[in-house]
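What follows is a short report on a single structure.
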Amino acid sequence: MFALVLLLAIFMLIVLARSIRVVQQFETGIVFRLGRIQSNVRGPGVHLVAPMIDRMQKVNMQIVTMGIPAQEGITKDNVSVRVDAVVYFRVIDPIKAVVNVQNYLFAVSQVAQTSLRSVIGQSELDQLLSDRDALNARLKNVIDEPTEGPWGVRIERVEIKDVALPEGMKRSMSRQAEAERERRARIITADGEFQASKRLAAAAKEMSSDPAALQLRLLQTVVEVAAEKNSTLVMPLPVEMLRFFDRMAPDAAKPGAASPEEPESVEEVMDELPAIESQTAVPGLSGLPGTTGEADRAPTVQSPVWDRDTH
């Protein structure tokens, strides 16, 4: 008798242990009784179920963070890009999440990938790079449409993480940005020169009223140039001074004046030289055959005689 009571007590403990279910704070319990789902869900706490009749399935109600693998696509302006993103979602209706879809995690992942490709094809490259907020909101609505109503899964947020561009497109964008910066620099420089020219024009107008001011400014410029270690000092010369020298030039430099005498030719100079005569005989040549008395004389140049009375 005692053994039977003991066996009955053990059996009751086993049935009680299989009947107790604990649901965590972040979970919701769904009870299937003989294969049919019960409408009332079980919240956090301890619950009793009928053993071998009821089966409880727990559903996590926390926000799930899921990364979307990088998807390659062609934008609306025919640029090949590679985009990856991250999606945040949670279950709002545990019965639909369990009954209407076999694995809602895998289903949401596939919908997110296809929706990301669709959004890439409908967007331009500038929107992918600059207008991220609008694309995130649009992608959230596209993913949330087939998941919230039928599956009981709400998409909380979608963020585009990275947009990978081809190397050629990166170089083109770099050149474009460099040209844009150079254009802005030139505009700023031109604006500064324009403002400086207006200031200089006003200063020149003020200094033109007093000639001494122009002279002082000239001397100040000379001092600034000479302050550096230069071996050359540049002195500005007014154009009016050059014109004054041009007016004071002699008349011989003007066109129509008498030209200077031309120099004598070489022939005329040679004719005026004194004549060359043979006066002195060279000893040793008189006895040679074929020579005459006139040929034996060595040529000498007749030098002029200095006459004291004449000179």
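Residue numbers start at 1 and run along the sequence shown.
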Could you see if [X] belongs to whatever hydrophobic cluster contains [Y]? Use Ile, Leu, Val, Met, Phe, Trp, Tyr and a side-chain cutoff under 4.5 Å.
{"X": "F32", "Y": "V23", "answer": "no"}
{"X": "L116", "Y": "V64", "answer": "yes"}
{"X": "L6", "Y": "L8", "answer": "no"}
{"X": "V163", "Y": "M173", "answer": "yes"}
{"X": "M56", "Y": "V98", "answer": "no"}

Which atom pairs, one a donor and one an acceptor, fall under 3.5 Å between side chains of residues 142-151 and the rest of the protein, sequence neighbours left out?
| residue | atom | partner | partner atom | Å |
| --- | --- | --- | --- | --- |
| D144 | OD1 | I155 | N | 2.9 |
| T147 | OG1 | I143 | O | 3.0 |
| T147 | OG1 | D144 | O | 3.3 |
| T147 | OG1 | V153 | O | 3.4 |
| E148 | OE2 | R154 | NE | 3.2 |
| E148 | OE2 | R154 | NH2 | 3.3 |

List for me each residue that meets salt bridge (charged side-chain N to carboxylate O under 4.0 Å, His left out) alongside [X], sequence neighbours excluded, and say none if there are none.
{"X": "R90", "result": "E156"}
{"X": "R157", "result": "E159"}
{"X": "K76", "result": "none"}
{"X": "R184", "result": "E180"}

[X]: partners by side chain to side chain donor-acceptor pair (under 3.5 Å), with sequence neighbours left out:
{"X": "R82", "value": "E72"}
{"X": "D77", "value": "T75"}
{"X": "E182", "value": "R186"}

Any pair counted as side-chain hydrogen bond (donor to acceptor under 3.5 Å, both in side chains), so long as it reaches residues 21-46, sequence neighbours left out: R33-D54
Connected hydrophobic set around Y88, excluding itself, where side chains approach under 4.5 Å: I63, V86
Donor-acceptor pairs under 3.5 angstrom involving side-chain atoms of residues 105-115: please list them, not counting sequence neighbours.
| residue | atom | partner | partner atom | Å |
| --- | --- | --- | --- | --- |
| S109 | OG | Q113 | NE2 | 3.4 |
| T114 | OG1 | Q110 | O | 3.2 |
| T114 | OG1 | V111 | O | 3.0 |
| S115 | OG | V111 | O | 2.8 |

Quick one, [X] and [Y] - any side-chain contact, counting heavy atoms below 4.5 Å?
{"X": "L135", "Y": "L139", "answer": "no"}
{"X": "T189", "Y": "F194", "answer": "no"}
{"X": "D84", "Y": "I160", "answer": "no"}

Enclosure of I74 CD1 (heavy-atom neighbours >12, cutoff 6.0 Å): no
Steps toward side chain to side chain contact (heavy atoms under 4.5 Å, CB included) verdict (Q62, V91): CA-CA 7 Å; Q62 291 177 318; V91 176; over 6 Å; no
Criterion side chain to side chain contact (heavy atoms under 4.5 Å, CB included) on V83 and Q71, from CA distance to verdict: CA-CA 5 Å; V83 183; Q71 303 297 315; 5.7 Å; no
Donor-acceptor contact present, side-chain K170 to main-chain A164, <3.5 Å: no
Any donor-acceptor pair under 3.5 Å from S209 side chain to E206 backbone: yes
Where at least one partner belongs to residues 111-138, residue pairs that pass salt bridge (Lys or Arg N to Asp or Glu O under 4.0 Å), sequence neighbours excluded: none
L125 vs L165, side chain to side chain contact (heavy atoms under 4.5 Å, CB included): CA-CA, chis, key distance, verdict: CA-CA 10 Å; L125 180 61; L165 300 176; 3.5 Å; yes
Quick check: closest heavy atoms across [X] and [Y], and the distance to 0.1 Å?
{"X": "Y104", "Y": "N60", "result": "OH-O, 4.1 Å"}
{"X": "P51", "Y": "S19", "result": "CD-OG, 3.1 Å"}
{"X": "P94", "Y": "I30", "result": "O-CD1, 3.3 Å"}

Side chain to side chain contact (heavy atoms under 4.5 Å, CB included) evaluation trace for I37 with V31: CA-CA 6 Å; I37 192 170; V31 178; over 6 Å; no
Separation of K58 NZ from F26 CZ (nearest 0.5 Å): 9.0 Å
